There are 2 protein chains.
Amino acid sequence: MGIFENIIYFGFYRSCAGLPGRLETAKKVPMKAAEIVPSEAPAETPGEIAYRQIRRDIVFGALVPGTRLRLESLKAPYLVSVSTLREVFNRLASERFVVAEGQRGFHVSPVSEKHFREVAGMRELLEANALRQSFERGDLEWEAQVVAAHHKLSRMEALMEAGDCTRTEAWKRYDGEFHGALIAACGSKVLMEAHRRIFDHFLRYQIVAVVYRGKAACDEHRRLLECALERDHETAVEILAGHIEACVEHTLGNGLLKD
Amino acid sequence: MGIFENIIYFGFYRSCAGLPGRLETAKKVPMKAAEIVPSEAPAETPGEIAYRQIRRDIVFGALVPGTRLRLESLKAPYLVSVSTLREVFNRLASERFVVAEGQRGFHVSPVSEKHFREVAGMRELLEANALRQSFERGDLEWEAQVVAAHHKLSRMEALMEAGDCTRTEAWKRYDGEFHGALIAACGSKVLMEAHRRIFDHFLRYQIVAVVYRGKAACDEHRRLLECALERDHETAVEILAGHIEACVEHTLGNGLLKD
DNA sequence: TCAATGGGTATTTTTGAAAATATCATATAT
DNA sequence: ATATATGATATTTTCAAAAATACCCATTGA
């Protein structure tokens with residue numbers, strides 16, 4: 001068994017080249033950029049990079065559900081040590097993207113139809129309520145952000161429609177950003193954060209249905225935008241429920257989820 | 001500045017004595033108990049113990065909001081090394097009980113009135129919906145668990161009423177278990193887990209109001225039990241909303257939250 | 001007087017190895 | 001033949017020290 005036994009997809013792995021590794025003893029240059037972004041800086045530490053990478057690999061299916069995450073095997077491809085890997089896995093375990101069982105290591109969280117339906121129900125509950133509050137409180141700046149997010153999404157949807165399936169990740173990011181923009185004025189960071197977390201779980205299930213759902217989803221996005229500008233939350237919640245339900249059925253229709 | 005500069009409360013700290021530390025090379029005894037509880041075993045590792053301890057110290061206020069969590073200072077009282085501490089802090093950061101900013105270490109999450117209201121709103125949203133579904137699906141076994149949980153809570157409430165304020169933690173645990181029992185039949189583990197997480201955040205805010213809210217809360221718990229047995233979710237949701245709202249106002253009434 | 005610079009200390013972050021534990025194949029006894 | 005013990009191997013978990021970074025304070029120059 002080689003080191004890479006559990007790795008399916010290498011495309012995104014962090015590359016050694018070009019990164020200021022600790023071995024290259026570069027001159028100490030005091031960074032002024034830190035003062036420009038005083039807080040909320042993501043911190044480009046190896047641990048952060050590995051965290052984002054592994055999280056993305058799980059959400060986008062590169063790390064297959066149920067896969068055992070061997071520390072010794074994964075430290076090389078992700079360019080970190082076992083301790084740093086453990087920190088990452090602990091964070092992801094809190095987010096339920098990986099499961100940690102006793103002293104038997106970590107696994108990528110398994111998938112099941114039941115869990116998917118629970119995640120979908122949770123997303124609908126959170127997003128519908130956030131939508132309602134956001135529509136009530138949103139100002140012109142919010143409207144502008146919504147329009148902007150929809151513009152990016154619709155352009156990407158047009159590409160997908162045209163058969164360009166090479167940029168699924170970018171497309172899904174715009175999808176998430178559009179739904180995030182819709183609820184951005186809800187006034188509760190706690191609610192938005194919970195929504196984002198459950199949205200990414202929802203996303204992971206969508207990835208197994210690689211095929212583009214097509215014009216239907218595109219239309220629903222456009223109608224959600226119209227509702228937002230007209231502040232019609234009743235219709236928006238209805239569309240959202242249908243949007244999520246259709247996603248679930250379309251995804252489950254592939255029959256790739258055995259349980 | 002001594003090692004214990006940031007520690008406020010030592011009552012709960014893990015004690016060396018009696019624990020099977022790695023230094024006492026005990027005889028290898030094959031444990032059969034592991035097969036009785038095949039999965040879901042909490043694993044009594046030092047990391048797990050420290051995690052539960054620190055989490056509890058944050059929720060119950062022993063670690064004051066905003067406190068800087070210095071690794072070197074805290075490894076001694078919690079009886080773990082810095083790496084293990086970092087794993088714990090990373091988990092707690094995912095749960096938002098601590099904040100990790102860049103390369104500047106960890107802090108106990110700060111508190112604010114705004115955040116408290118968001119947490120309360122989130123709890124109401126999740127609990128009200130879970131309540132509705134649980135009332136629809138609950139069977140006799142569920143009813144029995146609810147009655148049992150309420151019995152334990154009401155006995156503890158009677159003690160508190162009598163002036164015994166020494167067991168706040170046990171009382172709050174029963175409070176949480178009662179509300180957990182009410183929604184246990186909702187059918188969604190995702191929902192229940194999200195509820196438990198937000199409930200503990202809510203709990204942390206309640207702790208600053210050390211005084212017992214008294215007969216009012218006790219009555220509301222009894223009425224929630226009656227609603228459960230009669231499957232009257234409409235009234236239950238109303239009571240719950242009042243229950244949470246009263247908790248928020250009572251807690252904020254102390255004026256201890258500046259922001 | 002104030003901002004910028006430099007060096008020394010404190011703290012975090014990462015690492016590789018030691019200790020503890022689980023896993024697996026083999027042998028032994030019932 | 002099944003089940004239980006035994007030992008070798010693989011893996012996880014923990015630790016302490018090295019490396020990188022932030023922090024503090026005196027000093028210098030404008």
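Within every chain, numbering begins at 1; the chains are lettered A, B, ... in the order of the sequence lines, protein sequences first and strands thereafter. Keep in mind that this is a model prediction, so the values were computed, not measured.
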**Q** Rounded off to whole Å, could you give me the CD-to-P distance for the A:E87 and D:dT13 pair?
**A** 14 Å

**Q** It should be established whether B:T84 places a side-chain nitrogen or oxygen under 4.0 Å from OP1 or OP2 of nucleotide D:dT13.
**A** no

**Q** Atom CD of B:E48 and atom P of D:dT12: how far apart are they, to the nearest Å?
**A** 17 Å

**Q** Using atom CD of A:E72 as one end and atom P of C:dA22 as the other, report the distance to the nearest whole Å.
**A**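 It is 19 Å, rounded to the nearest whole Å.
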
**Q** May I ask you to test the A:V108-A:R204 pair for a side-chain heavy-atom distance under 4.5 Å?
**A** yes

**Q** Are the aromatic rings of B:F116 and B:H201 close, with centres under 6.0 Å apart?
**A**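 Between B:H201 and B:F116, which both carry aromatic rings, the centre distance is not below 6.0 Å.
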
**Q** Rounded to the nearest Å, what distance is computed from the CG atom of residue A:L69 to the C1' atom of nucleotide D:dA10?
**A** 16 Å

**Q** Rounded to whole Å, please give me the gap between CZ in A:R104 and P in C:dC24.
**A**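 Taking CZ of A:R104 and P of C:dC24, I get 11 Å after rounding.
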
**Q** Would you indicate which nucleotide in C:dT14, C:dT12, D:dC15 comes nearest to any side-chain atom of A:S81?
**A** C:dT14

**Q** Can we say A:R91 and B:E95 salt-bridge, meaning some charged N sits less than 4.0 Å from an Asp/Glu carboxylate O?
**A**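 Here A:R91 does not pair with B:E95 in a salt bridge, since their nearest N and O are not under 4.0 Å apart.
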
**Q** Report all side-chain donor-acceptor pairs from residues 182-192 of chain A shorter than 3.5 Å, counting only partners two or more places apart or in another chain.
**A**
from: A:S188; atom 1: OG; to: A:L191; atom 2: N; distance (Å): 3.1
from: A:S188; atom 1: OG; to: B:E118; atom 2: OE1; distance (Å): 3.4

**Q** Which whole-number value in Å describes the distance from A:I49 CD1 to C:dT13 P?
**A**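 In whole Å, C:dT13 P and A:I49 CD1 are 14 Å from each other.
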
**Q** Starting at the 5' end of DNA chain C, which residue's closest nucleotide do you reach first, A:K75 or A:Q103?
**A** A:K75

**Q** Ignoring backbone atoms, establish whether B:R86 has a side-chain N or O less than 4.0 Å from OP1 or OP2 of C:dT14.
**A** yes

**Q** Round to a whole Å and report the spacing from CZ of B:F106 to C1' of C:dA10.
**A** 17 Å

**Q** Checking only heavy atoms, does the side chain of B:S83 share a donor-acceptor pair with the base of D:dA16 at less than 3.5 Å?
**A**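 Such a pair exists between side chain and base.
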
**Q** On DNA chain C, check which nucleotide each of A:G47 and A:V82 is closest to and give me the residue with the more 5' one.
**A** A:G47

**Q** Please enumerate all residues that pass side chain to side chain donor-acceptor pair (under 3.5 Å) together with B:R117, with sequence neighbours excluded.
**A**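 In terms of side chain to side chain donor-acceptor pair (under 3.5 Å), with neighbours along the sequence ignored, B:R117 is linked to B:E113, B:E249.
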
**Q** For the pair made of CD in B:E101 and P in C:dT12, what is the distance, rounded to whole Å?
**A**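 Atom-to-atom, B:E101 to C:dT12, this comes out as 11 Å.
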
**Q** Considering only C:dT12, D:dT12, D:dC15, which nucleotide approaches the side chain of B:L71 most closely?
**A**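 Of the candidates, C:dT12 comes closest.
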
